[in-house]
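The analysis underlying the following values was restricted to heavy atoms, covering all of them including side chains, and did not include hydrogens, waters or symmetry mates. These figures come from a predicted structure and were not determined experimentally.
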Amino acid sequence: KNVAIKIGNDILEIEGSVDADDADAHYWINFESQGDLATFAGLPVTQELPSAYKRRYIIDLSSKYPGASIVVQLYKEFVRGKFSGDQ
């Protein structure tokens with residue numbers, strides 16, 4: 001139902017929702033609800049919304065680890081986190 005990622009002193013928490021009428025993003029960056037998510041721990045973050053109940057967050061680690069990223073995918077209340085990249 002949720003995932004928390006900590007890089008350095010920064011924390012990103014992302015939560016899915018079981019509510020069928022709730023298609024909003026639910027995340028906290030450094031304990032601030034719906035904070036600015038253009039970057040996280042100095043790394044660029046992309047949000048994608050393929051459909052009303054699917055959401056994807058991509059943290060690009062390329063500046064430190066070329067070709068690598070952390071991907072968090074949500075479908076309603078289900079949350080999946082994975083590392084992807086060359087290594």
Please check this pair: side chain of S17 against backbone of D19, looking for a donor-acceptor N/O pair closer than 3.5 Å.
yes
Looking at every non-hydrogen atom in both residues, tell me the closest pair between W28 and E15 and how far apart they are.
CZ3-CB, 3.8 Å
If you look at every heavy atom in D10 and A41, which pair is closest and at what distance?
OD2-CA, 2.9 Å
Same apolar cluster (I L V M F W Y, side chains within < 4.5 Å links), F78/I70
no
Connected via hydrophobic side-chain network under 4.5 Å: V79 and I7:
yes
Of all heavy-atom pairs between L37 and V45, which one has the smallest distance, and what is that distance?
O-CB, 3.3 Å
Verdict with supporting geometry, Y27 and E13, side chain to side chain contact (heavy atoms under 4.5 Å, CB included):
CA-CA 5 Å; Y27 67 88; E13 299 174 72; over 6 Å; no
Are Y65 and L43 connected, step by step, through hydrophobic side chains (Ile, Leu, Val, Met, Phe, Trp, Tyr) whose heavy atoms are closer than 4.5 Å?
yes
Ignoring hydrogens and angles, tell me if any N or O in the side chain of Q73 forms a donor-acceptor pair with the backbone of K54 under 3.5 Å.
no
Is there a path of hydrophobic side-chain contacts, each under 4.5 Å between heavy atoms of I/L/V/M/F/W/Y residues, joining L49 to Y57?
no
Expected output: side-chain N2 to main-chain I14 donor-acceptor under 3.5 Å:
no
Give the intermediate values and the outcome of side chain to side chain contact (heavy atoms under 4.5 Å, CB included) for residues D36 and I29.
CA-CA 8 Å; D36 180 25; I29 184 161; over 6 Å; no
For a quick test of reading the model, state the closest non-hydrogen atom pair linking S69 to V71 and the distance between them.
OG-CG2, 3.9 Å
For the student: nearest non-hydrogen atoms of I58 and E48, plus distance:
CD1-OE2, 3.6 Å
I need the H26 NE2 to E77 CD distance, nearest 0.5 Å.
11.5 Å
What heavy-atom pair brings F40 and I5 nearest, and what distance separates the two atoms?
CZ-O, 3.4 Å
Step by step, would you call L12 with I59 a side chain to side chain contact (heavy atoms under 4.5 Å, CB included)?
CA-CA 10 Å; L12 174 62; I59 303 169; 4.0 Å; yes
Within 6.0 Å of CG in N9, more than 12 heavy atoms from elsewhere:
no
Side chains of S62 and D60: do they bring a donor and an acceptor to under 3.5 Å?
yes
